[in-house]
Amino acid sequence: MLNVIKYDILQNYRIYIIEYVVYLITCIILPFIPQNIVFIPMFLLLLLVWAMILLNFVTIFYNFYKSMYSNKGYLTMTLPLSSHELLLGKIFAGIIWIIISFVILFLGFGLIVLMFSIMENSVLEQLSFLLEALSQLVSTVYFYEGILAIIIFIISFITVGFTVLTIIQTKFTRKHKAIWAIVAYVALIVINNILRYAFVKIIAIFGLYNTIGNILQITGPILPTALISLIQSTILYFVSIYVLDNMLEM
């Protein structure tokens, strides 16, 4: 599995590096733009942030499809690895790239603050403020709950994409795979929302919210959503494994 992770990370690192460099350069030059036209680089920065997030997931899904179900997939399937090792390796590789991208995003925001501080000769004051704010943030349980929830949502989104790309590789979807992929994705999203709504209602009706929160030592409104996403990811993971082992037709 480690080899799968290593190969997936190295396969597309050039795309990510170019993306990160463009984003960080934009963050550095943004504070030096005259204020009367600052909306232009701000719009560009916002566009780059969304583009980075979108490009990451597109690259992850495209790499998964290409390495598993294209002509290259025949070679992948001959590797002495189980379906669990292949799928988990690709999920972990995707998570690693997404986490790196989030780190780069926050680094870019830090560079913007640093550049403004240099221009205003207030580097030490801004640095002290940022460190104090960071210290207060990491001292709250909501920070760690948020980190955990973000990781769970990343896993959920990647798992949904991988499952869609997997279930359309069967004898039932030999034609019009793109249409079947859209149908499968919409169906999964609808089912997910129904289960999410039912789960939240059930724990609210039976008063289980505080009980679950105490068991996991997590408090906050995001707990039910994160839990249902984790359950969904687990179910979809085993659906993908079943298709890979029993129904795959390339």
Side-chain angles (χ1 to χ4, degrees), residues 1-31 33 40-68 86-116 130-131 133-134 137-138 140 142-166 181 185 188-189 192 220 222 225-226 229-230 232-233 236-237 240:
M1 186 176 72
L2 293 178
N3 287 332
V4 176
I5 297 175
K6 177 182 177 181
Y7 177 77
D8 268 35
I9 290 177
L10 294 178
Q11 187 175 16
N12 298 297
Y13 75 93
R14 294 182 182 86
I15 297 176
Y16 291 104
I17 289 178
I18 294 174
E19 173 188 335
Y20 296 155
V21 169
V22 172
Y23 168 73
L24 293 176
I25 290 177
T26 303
C27 292
I28 292 174
I29 66 175
L30 176 63
I33 304 296
I40 297 178
M42 286 297 293
F43 174 76
L44 178 60
L45 178 64
L46 182 62
L47 185 64
L48 283 174
V49 170
W50 282 107
M52 180 183 296
I53 296 173
L54 179 62
L55 182 60
N56 281 354
F57 283 109
V58 170
T59 302
I60 289 169
F61 294 145
Y62 175 75
N63 178 56
F64 176 78
Y65 177 83
K66 183 179 179 181
S67 62
M68 293 288 289
L86 284 173
L87 192 56
L88 284 175
K90 292 186 176 297
I91 290 174
F92 281 122
I95 293 172
I96 290 172
W97 274 124
I98 297 297
I99 291 177
I100 292 175
S101 296
F102 272 106
V103 172
I104 296 297
L105 284 175
F106 284 106
L107 178 60
F109 295 147
L111 286 174
I112 293 175
V113 174
L114 178 61
M115 292 299 105
F116 274 119
L130 288 175
L131 290 176
L134 181 61
L137 179 63
V138 300
T140 64
Y142 295 107
F143 173 78
Y144 300 100
E145 178 190 352
I147 295 296
L148 176 61
I150 289 174
I151 293 175
I152 291 175
F153 293 146
I154 291 172
I155 295 173
S156 176
F157 196 81
I158 292 175
T159 307
V160 168
F162 285 2
T163 302
V164 168
L165 293 173
T166 300
Y185 177 77
L188 288 176
I189 294 301
N192 172 64
I222 206 169
T225 303
S229 294
L230 185 59
Q232 168 202 275
S233 299
L236 293 182
Y237 169 80
S240 297

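Just so it is clear, the model here is predicted, and its values are computed rather than measured.
- For the atom pair F57 CZ and I60 CD1, the distance stands at 6.0 Å (nearest 0.5 Å).
- Remark: K6 engages L10 in a side chain to side chain contact (heavy atoms under 4.5 Å, CB included) (not counting sequence neighbours).
- Counting only residues at least two apart or in different chains, salt bridge (Lys or Arg N to Asp or Glu O under 4.0 Å) contacts with residues 88-113 comprise D8-K90.
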What side-chain donor-acceptor pairs closer than 3.5 Å can you find for residues 95-113, not counting sequence neighbours?
| from | atom 1 | to | atom 2 | distance (Å) |
| --- | --- | --- | --- | --- |
| S101 | OG | Y20 | OH | 2.6 |
| S101 | OG | N56 | ND2 | 2.4 |
| S101 | OG | W97 | O | 2.9 |

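- Inter-residue side-chain proximity for Y62 and K66 is flagged as met; some heavy-atom pair is nearer than 4.5 Å.
- Evaluation of the side-chain hydrogen bond (donor to acceptor under 3.5 Å, both in side chains) rule for Y7 yields K72 as partners, not counting sequence neighbours.
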Atom pairs and distances, donor-acceptor, side-chain atoms in residues 149-163, under 3.5 Å, two or more places apart:
| from | atom 1 | to | atom 2 | distance (Å) |
| --- | --- | --- | --- | --- |
| S156 | OG | Q232 | NE2 | 2.5 |
| T159 | OG1 | I155 | O | 2.5 |
| T163 | OG1 | T159 | O | 2.7 |
| T163 | OG1 | L236 | O | 3.4 |
| T163 | OG1 | S240 | OG | 3.0 |

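- To the nearest 0.5 angstrom, L55 atom CG is 14.5 Å from W50 atom CH2.
- Residues that satisfy the side chain to side chain contact (heavy atoms under 4.5 Å, CB included) test with V21, not counting sequence neighbours, are I17, I25.
- A93 and I9 make their closest contact through CB-CG1, 4.4 Å (heavy atoms, listed as atom of the first residue, atom of the second, distance).
- For Y237, the side-chain hydrogen bond (donor to acceptor under 3.5 Å, both in side chains) test picks out H84, with sequence neighbours left out.
- Atom CZ of residue F64 and atom CD1 of residue I91 lie 8.0 Å apart, to the nearest 0.5 angstrom.
- To the nearest 0.5 Å, atoms CG (L47) and CE (M52) are separated by 11.5 Å.
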